[in-house]
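Structure record follows, encoded as structure tokens.
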Amino acid sequence: MTLPASHPILTCAEAKALEARVLGGDEAAEWRAMSAAGAAIATAMREDMREAGGFPAGGRLLVLVGKGHNGGDALIAARVWRTFFPAARVDVWFAFGERALRPLTARAWRELATVDAERVRVVSAEEWGARYDASVDGVFGFQFRPPVDEATKALLLRFNELDVRFRAAVDLPSADVARADFTYATGSVKTPVVDAEMAGRVRYLDLGFFRDDVVKDEGERALRREILAPLARLRPARGDKRNYGQLIIVAGSRSYPGAALLATLGALQSGVGMLTVLVPETCAAAFAARAPDAMWVGCPVTPEGGLALDTLSVLRERMGRATALMVGPGLGREKETLAMIAEAVKLVDMPVAIDADALQPEIVAAVKGAKVLTPHAGEFARIAGKGADLRAYAQAANATVVLKGPVTRVSSGGGVYQSFFGGPVLARGGSGDVLSGLCGGLLAQTPDDPLLAATRATVWHGVAADALARMVGHTAARTADLPGRLSEILRRFA
Ligand SMILES: NC(=O)C1=CN([C@@H]2O[C@H](COP(=O)(O)OP(=O)(O)OC[C@H]3O[C@@H](n4cnc5c(N)ncnc54)[C@H](O)[C@@H]3O)[C@@H](O)[C@H]2O)[C@@H](O)CC1
Ligand SMILES: Nc1ncnc2c1ncn2[C@@H]1O[C@H](COP(=O)(O)OP(=O)(O)O)[C@@H](O)[C@H]1O
């Protein structure tokens, strides 16, 4: 088993101890880390801001600075921002005055202030502009101890009212009051940010603090995009399609034909060697025109339009050398169809991925071997019971579970791997179907390693969604365009 590329998620006390260990209280090392954090924040902000159309030349940035290193990170980010956007105008607000700055934060401020005094100015809260293109909140970081004083809280609440197109925060949204669209977790992800309502989306910025980390399948962990790197490498010259697995998908119904097609498009870009898709006979020809590289097999349907029990004989004929089975997208919930699926998962001797309507307790229980389940919160409640714990359920069900949501969490009963990739561009019908196809395709390639297939699919899907959002924004995007983004992101591992 290859453990998924990931780093531990730490409590604030653990993060403090880690930084003390790595930086050893050495001021030069601390400055280097702050500089790396600031540069990483600015770079990530520039990328993420493309989802909102980018930062205009001559745009306005507001930087909120506290006393500590969180403020220093924000000030360095602003200095790097000025190298990206030389005409940017930067307003700096010191929450506790300039004199309160700790030495390295004061140094970060001196470096920013000397760049270009005309475009960088200190503002009081009264001088805040009504509108900014972007902001960086560095008032409080993970050393924050509540409560916040009333005056500062009132100002942070006022900050929330400003018209800011893109709000970034360093490590944690200040006092859990300042609102962020993206919170940049520098060096490590700290536990409180994961559930912080004000944090927006979390981005983990790896600063190399975990050099000595040995991945263990335990605890809460943040998935890293490096999990995709092996997929970017050359394949052996004499490879054969049979080396890359064969996936069989059973999906679709008269009501939801599109889900089967979307899952197929996801699977086709997973790198799988062969793909066979069992769909209602009425769909096969049209789908073959859309995706001729999959082998479409038309199956009998019930009068209501779901796959009929006889689909089992088609599966028996076709399962030959298959290395994984994926069932669920768009099947509908007819009794006959679900009974057929329960038999199908018993029939095969290969790992099974289960999604959507096939996520029923009796179907999950019928799988003999390895299984990957990809429920959203509603489906998870259906199979595991209301309020069930992900890790405990995965362990009890002997399954790898991908619990989808704004942050998707994956566990096979050991560690809980969180994916901070992807965003609201995915909040539209069919994006889960693409994920299940991708997951099935990866499972067919690593049938002995369902955890690797599931975590990799989750990261890949999320990173592709980010790429899509950067191209077209959140609103006028289409799920059908998501599979097309899966290839380009592998090209960035050179
Ligand atoms: N183009 C297509 O053909 C599409 C077909 N789809 C198919 O539509 C069928 C129904 O899927 P749905 O996911 O809509 O099923 P449902 O909306 O019926 O979800 C099942 C239960 O979970 C709840 N629920 C749904 N989303 C939730 C969430 N994010 N958090 C908490 N609870 C949630 C619902 O209230 C419901 O009780 C599936 O077969 C699916 O594959 C969808 O994937 C959309 C696109
Ligand atoms: N706000 C969001 N931020 C990030 N990811 C999201 C968000 N909303 C939905 N997603 C992702 O989109 C996918 C939706 O899947 P699912 O709920 O099965 O919908 P569907 O059946 O319509 O495809 C999941 O991968 C989920 O993690």
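All values below come from the heavy atoms of this structure, side chains included, with hydrogens, waters and symmetry mates left out. Atoms within a ligand are numbered from 1 in the order they appear, just like the ligands themselves.
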A student checking ligand 1 against Gly330 at a 4.0 Å heavy-atom cut-off should list atoms 38 (C), 39 (O), 40 (C), 41 (O)

Pairwise distance OG(Ser419) to CZ(Arg224) - rounded to 0.5 angstrom
13.5 Å

Quick check on atom 18 (O) of ligand 1 - does any protein heavy atom sit closer than 4.0 Å to it?
yes

Spacing of CG belonging to Leu172 relative to CE belonging to Met198, to within rounding of 0.5 Å
13.5 Å

Do Thr323 and Met350 come close enough that some side-chain heavy atom pair is under 4.5 Å?
no

Within the structure provided, determine whether Lys371 and Val364 are in side-chain contact (heavy-atom separation under 4.5 Å).
yes

If you look only at pairs with a residue in residues 273-303, which of them pass as a ring-ring contact (aromatic ring centres under 6.0 Å, His included), with sequence neighbours excluded?
Phe287-Trp296

Can you pull out the closest protein heavy atom to atom 30 (N) of ligand 1? Residue, atom name and distance to 0.1 Å, please.
Ala377 CB, 3.5 Å

Location of contacts on Arg428 toward ligand 1, heavy atoms closer than 4.0 Å
neither

Compare Glu379, Arg333, Lys404, His376 and give the one whose heavy atom is closest to atom 27 (C) of ligand 1.
His376

Is there a polar contact, in the sense of an N or O pair closer than 3.5 Å, between Gly378 and ligand 1?
yes

Please round to the nearest 0.5 Å and tell me the distance separating atom CG of Asp449 and atom CG of Leu442.
11.0 Å

Flag atom 22 (O) of ligand 1 as yes if some protein heavy-atom distance to it falls below 4.0 Å, otherwise no.
yes

Considering Ala259, Gly252, Gly430, Ser255, which one's heavy-atom position lies nearest to atom 1 (N) of ligand 1?
Ala259

Out of Leu331, Asp357, Asp355, Leu359, indicate the one that has the non-hydrogen atom closest to atom 39 (O) of ligand 1.
Asp357

Pro329 to ligand 1, any heavy atom closer than 4.0 Å
yes

Counting only N and O atoms by type, is there a donor-acceptor contact under 3.5 Å from the side chain of Thr191 to the main-chain atoms of Leu10?
yes

Between CD on residue Gln445 and CG on residue Leu247, distance to nearest 0.5 Å
9.5 Å

I need the atoms of ligand 1 closer than 4.0 Å to a non-hydrogen atom of Gly429, numbered in the order shown.
44 (C), 45 (C)

Taking the side chain as C-beta and beyond, is there a heavy-atom pair between Gln246 and Val272 under 4.5 Å?
no

With a 4.5 Å heavy-atom cut-off, do Glu379 and Thr374 have their side chains touching?
no

Can Arg201 and Asp466 be counted as an ion pair, charged N to O under 4.0 angstrom?
yes

Checking contacts now, so for atom 25 (C) of ligand 1, which I'm interested in, is there any protein heavy atom under 4.0 Å?
yes

Roughly how far, to the nearest 0.5 Å, is the CZ atom of Arg167 from the OG1 atom of Thr183?
11.5 Å

Could you check whether atom 14 (O) of ligand 1 has a protein contact, counting only heavy atoms that fall below 4.0 angstrom?
no

Identify the protein heavy atom lying closest to atom 6 (N) of ligand 1, giving its residue, its atom name and the separation to 0.1 Å.
Asp433 OD2, 3.9 Å

Show me which atoms of ligand 1 lie under 4.0 Å from any heavy atom of Ala356.
38 (C), 41 (O)

Give the residues near ligand 2 by chain and number, with the criterion being a heavy-atom distance under 4.0 Å.
His376, Lys404, Gly405, Pro406, Thr408, Gly423, Pro424, Leu426, Ala427, Gly429, Gly430, Ser431, Gly432, Asp433, Leu435, His461

Say you draw a straight line from CZ of Phe55 to CG of Leu61; how long is it, rounded to the nearest 0.5 Å?
5.5 Å

